[in-house]
Asker: 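Sharing a structure here in structure tokens format.
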Amino acid sequence: MSNTTHHPAKLSLRGVRKAFGTNTVLDGIDLNVAEGEVITLIGASGSGKSTLLRCANLLEPLDDGEILFDGVDIAEPGLDPDPIRRRIGMVFQSFNLFPHMSVTKNVAIGPRKVLGTDKATARAAAVEMLTRLGLGDRADAYPDQLSGGQQQRVAIARSLAMNPEVMLLDEITSALDPELVGEVLDVVRDLKADGMTMLFATHEMAFCREISDRVCFLHQGRILEHGPPEQIFGDPQEPRTREFLQRVIDAGRL
Amino acid sequence: MNQRTRREAYEQRQRKRSLIIAFLSTSVVVGAIVVLVPRLPRWDRVRKSFFDGEVFADSFPRLLRAFWLDVQIFTWSVPLIFALSLAVAVSRNTRSPALFPLRAAAVIYTDVFRGVPVILTIFLIGFGVPGLFDSRSWSNPLIWGSAALVLSYSAYVSEEIRAGIEGVHESQRAAARSLGMSSSQTMSTVILPQALRRIVPPMMNSLVSLQKDVALVSLIGPIEILRQAGLDKSNAANFTPYVAAAVIFLAVTIPCTRVADYLLNRERRRTGATAVS
Ligand SMILES: Nc1ncnc2c1ncn2[C@@H]1O[C@H](COP(=O)(O)OP(=O)(O)OP(=O)(O)O)[C@@H](O)[C@H]1O
Ligand SMILES: [Mg+2]
């Protein structure tokens, strides 16, 4: 897949392959994410969206292919992944907050442990980040005491506290009640306005259409079609993409 | 609006009913024991040799003093067990190839000490290890008896901790690693604190059983309660001191068991509640 923007790629996947046993989940993925670009991944359940994001963060080892981050191959087997992961933020579908820590500590723990920020500074920054995401008054709560939408915003804050250069968002609204989806998507809008580079797997088609610079349709481990949202949603070329979008429309999700 | 709801009324009726049934059935059982046991042909002899009031009163203070030694052994063994079992559990969870010998040692250790009865470990270490040294100061059976207890129990407790570590969901590790934490940082700040919370109840159960097993140390010499009861039994030619010792043990272990059950239930409620959300 060629790079449609003129910026140098921030993150670039080349021929990425990943199989679980005999099940090939990613079958040669090529994808360039330019600085400040928002790319959404859509596709049926099991098409490999989560796996792609986990590979990009080195949570899953690749079988083959390269991942260039600022031009450096980070997928080289044996490379220490920790310094790379701290520059890439990841938010999970199921929040994965640390239940034994207060919300503030959840956000402060990354900078404290990984960046060596002192406790007071990390706490102050955490409270500021939480306030920015509208959670200033819940700073002392524990994750279990928050609504799903609030928990997901804390998870985003936890990621942002590390000052990541790229954010990977894996269906961050799928576990939320419909009325809570909006507050989380608002945060993503703000991130885009701030120029954050994002790779975003989602089932929220309306939002995908609004926020994406480019949409990638995944099917059986390949990017079958990609392009600006107007093209993918307005004039999809591939029959598979049309089928998928039709199903989404039938389900009332677009 | 302080009328009871239908459900509350129903539950209260049920409670009353259960209480009556429990009371009746207990009365029947206790009554049967009180009436029937004394009719057994040898009951008088048993009563004299196991439940002699004078022997009880005479030996009880001595036993209580001897029990103090059990308490001491228990008290210094517990922190050692905790430290050793934590070290073993964490060793078994390492992944680096350089640490293979450590992992292997941890596996062999838990297999061996869980497989050998506590009492055998006490004999082997209590009689075996002092033989390695010339000096008499190394032959203190208290030290080697406690060491044997610590080794035996740490093998069990380390498995409890390991189960606790494995009980923490993999997604917690993913979240910590994606922040850039190393695997040891992830273990110490994210996994262990959650694992230890889970293992408090099973560990309490192990400690209750340690309280009893402390008495086994007497078999290699120290005069603690079990040994003292044996001496008193011989002096009085009567088994009552054993009953007295049992009473002392129960006075300590029953409250501990209740606390352990309480913690276990609370943990079950807590995790049950979060599992739903
Ligand atoms: N750890 C794993 N072990 C084995 N198979 C896995 C593992 N993780 C994912 N898979 C398989 O990989 C395929 C792709 O899964 P993935 O989670 O990436 O899909 P997805 O596009 O994110 O789906 P969804 O929309 O349901 O989240 C699935 O067939 C899944 O069963
Ligand atoms: Mg997924």
Side-chain angles (χ1 to χ4, degrees), chain A residues 50 53-54 56-60 78 80-101 105-116 142-148 151 154-170 175 177, chain B residues 86 89-90 93-100 160-203 263-277:
Chain A
S50 299
L53 293 175
R54 290 172 64 86
N57 202 19
L58 308 182
L59 286 174
E60 298 283 356
D80 178 10
D82 295 340
I84 297 148
R85 289 203 190 111
R86 76 183 61 154
R87 297 167 58 197
I88 301 179
M90 178 138 190
V91 184
F92 302 87
Q93 178 174 351
S94 49
F95 327 140
N96 302 2
L97 292 175
F98 306 132
H100 59 298
M101 298 178 187
K105 193 158 181 218
N106 261 280
V107 179
I109 194 78
R112 272 184 59 199
K113 293 288 162 186
V114 179
L115 307 177
Y142 279 77
D144 282 349
Q145 300 165 339
L146 301 182
S147 75
Q151 290 188 50
V154 174
I156 296 174
R158 178 175 67 177
S159 233
L160 290 176
M162 293 296 291
N163 244 322
E165 298 161 43
V166 176
M167 288 284 274
L168 308 174
L169 310 174
D170 188 5
D177 289 338
Chain B
L86 193 61
V90 171
N93 259 278
T94 54
R95 312 223 164 129
S96 148
L99 296 180
F100 177 79
E160 286 162 8
I161 297 181
R162 207 162 68 95
I165 289 174
E166 271 158 24
V168 178
H169 199 267
E170 191 59 30
S171 63
Q172 288 285 308
R173 206 183 298 264
R177 297 307 300 271
S178 75
L179 288 173
M181 286 193 205
S182 68
S183 62
S184 60
Q185 283 172 332
T186 302
M187 180 56 84
S188 65
T189 60
V190 175
I191 309 294
L192 269 186
Q194 294 184 58
L196 292 182
R197 227 156 281 211
R198 280 158 205 256
I199 59 148
V200 166
M203 211 143 81
L263 290 175
L264 203 67
N265 279 330
R266 203 183 57 171
E267 178 68 12
R268 207 171 283 148
R269 272 201 306 276
R270 203 180 65 79
T271 49
T274 42
V276 176
S277 69

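All figures in this text were calculated on a predicted structure; none of them were measured in a lab. Lettering follows sequence order; numbering is per chain, from 1.
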Asker: What distance do A:D82 atom CG and B:S183 atom OG have between them, rounded to the nearest 0.5 Å?
Answerer: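 If I round to the nearest 0.5 Å, the distance is 7.5 Å.
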Asker: So what's closer than 4.5 Å to chain B heavy atoms on A:R158: side chain, backbone, both or neither?
Answerer: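 Interface part for A:R158: both.
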Asker: Side chain, backbone, both or neither: which part of A:L97 has a non-hydrogen atom closer than 4.5 Å to chain B?
Answerer: backbone
Asker: Can you tell me how far apart CG (A:L59) and CZ (B:R173) are? Round to the nearest 0.5 Å.
Answerer: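 It comes to 12.0 Å.
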Asker: Determine whether a donor-acceptor pair (N or O, by modelled atom type, separation under 3.5 Å) exists between the side chain of B:Q194 and the backbone of A:H100.
Answerer: no
Asker: What distance do A:D170 atom CG and B:S178 atom OG have between them, rounded to the nearest 0.5 Å?
Answerer: 11.5 Å
Asker: For the NZ atom of A:K113 and the OG atom of B:S188, what is their distance to the nearest 0.5 Å?
Answerer: 6.0 Å
Asker: Could you tell me whether the side chain of A:R85 reaches within less than 4.5 Å of the side chain of B:L179, counting heavy atoms only?
Answerer: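 Counting from C-beta outward, B:L179 and A:R85 never come under 4.5 Å.
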Asker: Of the backbone (N, CA, C, O) and the side chain (C-beta and beyond), which part of A:F92 lies under 4.5 Å from a heavy atom of chain B, both, or neither?
Answerer: side chain
Asker: Need one label for B:Q172: side chain, backbone, both or neither, based on atoms under 4.5 Å from any heavy atom in chain A.
Answerer: both
Asker: Starting at CZ of A:F98, measure out to CD1 of B:I191 and round the result to the nearest 0.5 Å.
Answerer: 8.5 Å
Asker: Return yes if some donor-acceptor pair links the side-chain N/O of A:N96 with the main-chain N/O of B:A175 below 3.5 Å, else return no.
Answerer: no
Asker: Below 4.5 Å from any heavy atom of chain B, which atoms of A:I84 appear? Answer side chain, backbone, both or neither.
Answerer: neither
